[in-house]
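Start at 1 and go down the list; that is how both ligands and their atoms are numbered.
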Amino acid sequence: MKCSCGREAIYYRRYEGRFYCENCLSKQIEKTFKQTIGKYHLLDKKDHVIVAVSGGKDSGSLLYLMSKVFGEVRTIKISALIIDEGIKNYRTVGIKKAKELCTDLNIPLHIASFKEEFGKTMDKITKKTDNPCTFCGVFKRYLLNKKTRELGGTKLAVGHNLNDEAESIMMNLIRGDLTRFERLGPKPGLIRNEKFIPRIKPLIKVPEKELMLFAMVNKIPFFKSRCPYSYNNVRRDVMNIINELEEKYPSTKKQIVGFYNSIMKKMKIETGGKLKFCKLCGEPTTQEICKACEFKNLISKF
Ligand code: SF4
Ligand code: ZN
């Protein structure tokens, strides 16, 4: 099959009914990335953007695009940050790939580790819990925010793609978690606190499959492997259901995310409340003691 430009196609975008060659697909993804940044005002002229990388295709593509599109903009600074949860043969490989990419792009890479911050690796924590992702998720969010701030970052860019966002919306619906539900979108801006760095998701409109092709076509170093502790993961169940639906009804993911954005716009939700500061570590929290400190105390007894 041929792309509309005449070249050999590598991809059929079902929801559009169009074939793409690697060139046109790459250009299309770059265009979507720029449009998302423009439409939702994700960047300011003087931002120091910290890109959260993992060694995977999504965050790798994000860093690549940030560098390609904004690398020459003198007022915008770009750095990368990777969280080392302490998962052997998984994050160790991710760090290697992230280093390769940052060297290629000449972008500084910073590493923050669970071991250093919380005293234990995920490899240790998983031996004592059936639900490692609960600990890992809380620690990761905490550390990303804290390190971004310490590095002087004004925005934290994450590589969430269309699939991730559709999954998060459905997961929070299933859990009935309104607080988290409200905090989705390309620039979840409901939390106002000087210690809380705004997160942006410039790839929120790009399906995972397309990012995989983008990373391959642009020779972005990445590794493709699943965390060994993702077995007890609600996200994976939701992902399988959404993928099945997408197979039957192309556009399902786009519709879920589009619908979410429409209702959020209509509802104009005033939330987030006032965040306090954790009495132990001083980081922003809704409670007296933040969840990370609570968990840190718990794992110290493991
Ligand atoms: Fe952490 Fe769970 Fe993700 Fe593994 S699957 S990196 S344990 S949140
Ligand atoms: Zn705390």
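- Each of the following atoms of ligand 1 lies closer than 4.0 Å to a heavy atom of Ser230: 5 (S).
- The angle Cys290:SG - the Zn ion (ligand 2) - Cys281:SG amounts to 110°, with values rounded to 10 degrees.
- Paired with Glu283 under the rule salt bridge (Lys or Arg N to Asp or Glu O under 4.0 Å), one option of Arg149, Lys291, Lys276 passes, and it is Arg149.
- Cation-pi geometry between Arg18 and Tyr20 is satisfied (NZ or CZ under 6.0 Å from the ring centre, within 45° of the ring normal).
- Looking only at protein heavy atoms, the nearest one to atom 1 (Fe) of ligand 1 is Cys136 SG, 2.3 Å.
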Original post:
Yes or no on ring pair (Phe, Tyr, Trp, His ring centres under 6.0 Å) for Phe135 and Phe114, after CA distance, side-chain angles and deciding distance?
Top reply: CA-CA 11 Å; Phe135 288 88; Phe114 278 17; over 10 Å; no
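- Taking backbone and side-chain atoms together, Cys227 has an N/O/S atom less than 2.8 Å away from atom 4 (Fe) of ligand 1.
- Ring geometry for Phe139 versus Phe295: interplanar angle over 60°, hence perpendicular rather than tilted (30 to 60°).
- For Lys140, the heavy-atom gap to ligand 1 drops under 4.0 angstrom.
- Between Tyr64 and Phe214, the ring center distance clears the sub-6.0 Å criterion.
- The protein heavy-atom contact nearest to atom 2 (Fe) of ligand 1 is Cys133 SG, 2.3 Å.
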